[in-house]
Q: 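There's a structure below that I have some questions on.
Both counts, for ligands and for their atoms, begin at 1 and track the order of listing. Along the sequence shown, residues are numbered consecutively beginning with 1.
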Amino acid sequence: MATGTKTEYEPVIGLEVHVQLKTASKMFCGCAVQFGAPANSLTCPVCLGLPGALPMVNRQAVEYGIRVGLALNCQIAHRVKFDRKNYFYPDLPKGYQVSQYDEPLCFDGELQLPIHDASGQPKICRITRAHLEEDAGKSIHMDGSTLVDLNRAGTPLIEIVGGPDLRSPEEAYIYLNTLKRNLSYLGVSDLSMEKGSLRCDANVSIRPKGQEKFGVRSEIKNLNSFRMVRAALEFEIKRHEQVLESGGTLTQQTLLWDDEKQETRSMRSKEEATDYRFFPEPDLATFDVPREWVEQVRATLPEMPEKRLLRFLDDYKLSEQDAEYLVGDKALADFYETALKLMDEPRKVAAWVVGEVTRELNDRNAAIGDLKLTPEELIELIKLLDAGKLNNITAKEVFHAMVETGEGAMTAAQRLNKLIVQDDDAMNAVIDEVIAEFADKAVADFKAGEEKALGFLIGQCMRKLKGKANPKELGPKIAARING
Ligand code: ADP
Ligand code: MG
Ligand code: ZN
């Protein structure tokens, strides 16, 4: 490289994502998994870490783990083995966390991202491993003292470790959204960052472009949203560049993201695995994972988003944007496909779901399951519109009322008195009235060849008919009347 040329760096990013599994009970005891219960009410000798208490493995948690692994195209281990990861923390009463060290339940998987690499192939991020572990409790810092709530202690988690394959903060952001979308298809977690059921640690290093060897990495914790992950990575990449450009050296460390100051600060130098003194959990025997079990779980997997997206594009001829949007929310895509069974017009139905239905969801900050609207009711409405019983404007008004009250389309349209009754006499009377009223203005303009005067006359008729007419039908009628 010529002297004086600034080195160009390439970021290398790998993410660790913790996902709380929504089993009824905890990983190793019968206590309920529940958010927001009174502090320490969901505890027992096992999850309190009392001496002599014996853990038992929650079969459902292992099954959810297999489900996640299969959805991420992982290999599934032939046996389940747990290890102790020793460290001291006030919210970890046993002094160790039960996790999986050398035999993760799932390994060698991959996640396909909706972006392309330089050769035009879909970008793939390897999933190095996904292992089961128990969550710790929560420390609550209050007025200078710290309280501990152990309700969360022992909640099953799966930690999904992504390969160092991401090359920009934006790719990391896309990886997280794609991972979350795929997991949402499995129904194994709430996936709420707010409630802590989805957590992410980000690892990042930089290297001169073209160099194969990775640089020294930082691990960033305390990232409470995907947006924060992206911002923290951008900050950290710049910091690494500045250190290297000024001739300094980087040390491997764990950092916390301060979202207010928009900067990272050091938490500790990074521990090595040896610091945890992992060893096999003596209180839990290993047990086999029969291949029949794995195949049973595989058979219950839903169609995953990558496949569904292709089907939406091929079969329904949706725009890429609409297809991506629908597939991004399994419940909404299910709603859409149920509606399609009642009306085989994929683009028309999609326009409603992506348009008005989504507007209502956004206004209410709700999910489709919370909305008082069934696919049947939506199709009933679209059919009224198609039959000319509603126009584009009144259909939206009726739709809004349906969502508000839970009424069907016909009921709401009748209650609001929006149905267009095909009364030609009434319509002709109104047309005559309007033509008389604007004879020397709009009507004269229209006769003189001004097309937009017709729009004005349609509007006047619509007003007198209280919106209960189809403007597309009114236009030709008015024109015919004027032209004699
Ligand atoms: P540990 O268990 O110490 O956290 P791992 O080797 O399991 O370390 O890696 C954890 C995460 O860090 C993975 O997501 C991996 O992709 C990522 N990673 C590892 N080395 C680097 C690096 N040099 N730069 C960026 N990310 C890295
Ligand atoms: Mg780690
Ligand atoms: Zn318990």
Side-chain angles (χ1 to χ4, degrees), residues 9-18 23-34 37 40-50 53-58 61 72 83 85 87 93-94 97-102 104 107-111 124-131 133-137 149-156 159-169 171-172 175-176 179 199-208 211-221 223 229 232-233 236-237 240 250-255 268-276 278:
Y9 292 101
E10 174 183 60
V12 171
I13 299 165
L15 303 177
E16 293 164 272
V17 173
H18 286 86
T23 48
S25 57
K26 294 186 181 179
M27 186 83 226
F28 301 116
C29 63
C31 294
V33 171
Q34 197 189 307
N40 297 304
S41 62
L42 308 172
T43 55
C44 74
V46 172
C47 56
L48 288 173
L50 300 187
L54 282 177
M56 294 238 294
V57 177
N58 182 335
L72 296 173
D83 300 279
K85 181 179 183 181
Y87 61 97
K94 294 195 292 260
Q97 177 189 30
V98 179
S99 180
Q100 295 190 293
Y101 181 51
D102 54 352
F107 54 96
D108 282 353
E110 56 178 47
L111 179 67
I124 303 275
C125 182
R126 285 170 293 174
I127 302 293
T128 312
R129 56 185 280 158
H131 63 261
E133 60 187 27
E134 59 176 339
D135 209 345
D149 176 5
L150 293 174
N151 281 351
R152 200 180 69 180
T155 297
E159 177 174 345
I160 302 166
V161 182
D165 298 338
L166 305 166
R167 293 292 172 267
S168 69
E171 280 190 12
Y175 170 89
L176 288 169
L179 180 63
R199 306 196 283 271
C200 172
D201 300 336
N203 299 272
V204 58
S205 61
I206 61 171
R207 61 182 174 186
Q211 175 184 307
E212 205 167 320
K213 192 169 169 283
F214 289 156
V216 175
R217 79 173 138 132
S218 298
E219 180 178 17
I220 316 168
K221 293 186 175 284
L223 298 163
V229 174
L233 286 169
E236 197 56 19
I237 289 165
H240 281 213
L250 290 158
T251 51
Q252 188 172 322
Q253 55 180 327
T254 301
L255 303 152
R268 55 170 190 243
S269 67
K270 168 85 183 152
E271 311 82 346
E272 294 294 326
T274 49
D275 298 336
Y276 291 119
F278 280 97

Q: So is Gly162 polar-close to ligand 1, meaning N/O to N/O under 3.5 Å?
A: yes
Q: Does this structure show an ion pair linking Glu219 with Lys221, if we count only N-O contacts that are shorter than 4.0 Å?
A: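 Looking at Glu219 and Lys221, the cut-off is met.
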Q: So, does Gln100 use its side chain to make a donor-acceptor pair with the main chain of Glu133 at under 3.5 Å?
A: no
Q: Is any N or O atom of Asn203, backbone or side chain, closer than 3.5 Å to an N or O atom of ligand 1?
A: yes
Q: Nearest non-hydrogen atom to atom 1 (P) of ligand 1 belongs to which of Glu219, Glu159, Arg217, Arg129?
A: Arg217
Q: Have a look at the Zn ion (ligand 3) and estimate, to 10 degrees, the angle subtended by SG (Cys47) and SG (Cys44).
A: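 Angle SG(Cys47)-the Zn ion (ligand 3)-SG(Cys44): 110°, rounded to 10°.
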Q: Under a 4.0 angstrom heavy-atom cut-off, which atoms of ligand 1 come close to Phe214?
A: 23 (N)
Q: Would you say ligand 1 has an N or O under 3.5 Å from any N or O of Val161?
A: no
Q: Run the numbers for me: atoms of ligand 1, each under 4.0 Å from some heavy atom of Val12, listed by number.
A: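 Atoms satisfying the 4.0 Å criterion: 24 (N), 25 (C).
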Q: Any donor and acceptor pair, going by atom type alone, linking the side chain of Arg126 with main-chain N or O of Asp108 inside 3.5 Å?
A: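 Looks like no, no N/O pair under 3.5 Å.
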Q: Checking the side chain of Glu171 only, and the main-chain atoms of Leu166 only, is there a donor and an acceptor separated by less than 3.5 Å?
A: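 It does not hold such a pair.
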Q: Taking only heavy atoms of Ser205, which atoms of ligand 1 are found under 4.0 Å from at least one of them?
A: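 Per the distance check, 22 (C), 23 (N), 24 (N), 25 (C).
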Q: List every atom of ligand 1 that sits less than 4.0 Å from any heavy atom of Gly215, numbering the atoms from 1 in the order shown and giving each element.
A: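 Within the 4.0 Å cut-off of Gly215, ligand 1 contributes 23 (N).
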Q: I'd like to check which ligand 1 atoms, numbered from 1 as shown, lie under 4.0 Å from a non-hydrogen atom of Gly14.
A: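 Heavy-atom distances to Gly14 below 4.0 Å select 14 (O), 16 (O), 17 (C), 26 (N).
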Q: Report yes or no: does Gln97 contribute a side-chain atom to a donor-acceptor pair with the main-chain N or O of Ser99 at less than 3.5 Å?
A: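 No, Gln97 side chain to Ser99 backbone: no donor-acceptor pair under 3.5 Å.
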Q: For ligand 1, which atoms sit closer than 4.0 Å to a heavy atom of Leu15?
A: 14 (O)
Q: Once the angle between the rings of Phe278 and Tyr101 is folded into 0 to 90°, is it parallel (under 30°), tilted (30 to 60°) or perpendicular (over 60°)?
A: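 Plane angle under 30°, so parallel.
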Q: Any side-chain donor paired with an acceptor under 3.5 Å for Glu16 and Asn203?
A: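 Distance-only check passes for Glu16 and Asn203.
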Q: What are the atoms of ligand 1, with element, lying closer than 4.0 Å to any heavy atom of Gly163?
A: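 Checking each atom against Gly163, I get 16 (O).
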Q: My understanding is that only residues two or more places apart in sequence, or in another chain, count here; which of them pass side-chain hydrogen bond (donor to acceptor under 3.5 Å, both in side chains) with Glu10?
A: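 In terms of side-chain hydrogen bond (donor to acceptor under 3.5 Å, both in side chains), with neighbours along the sequence ignored, Glu10 is linked to Arg207.
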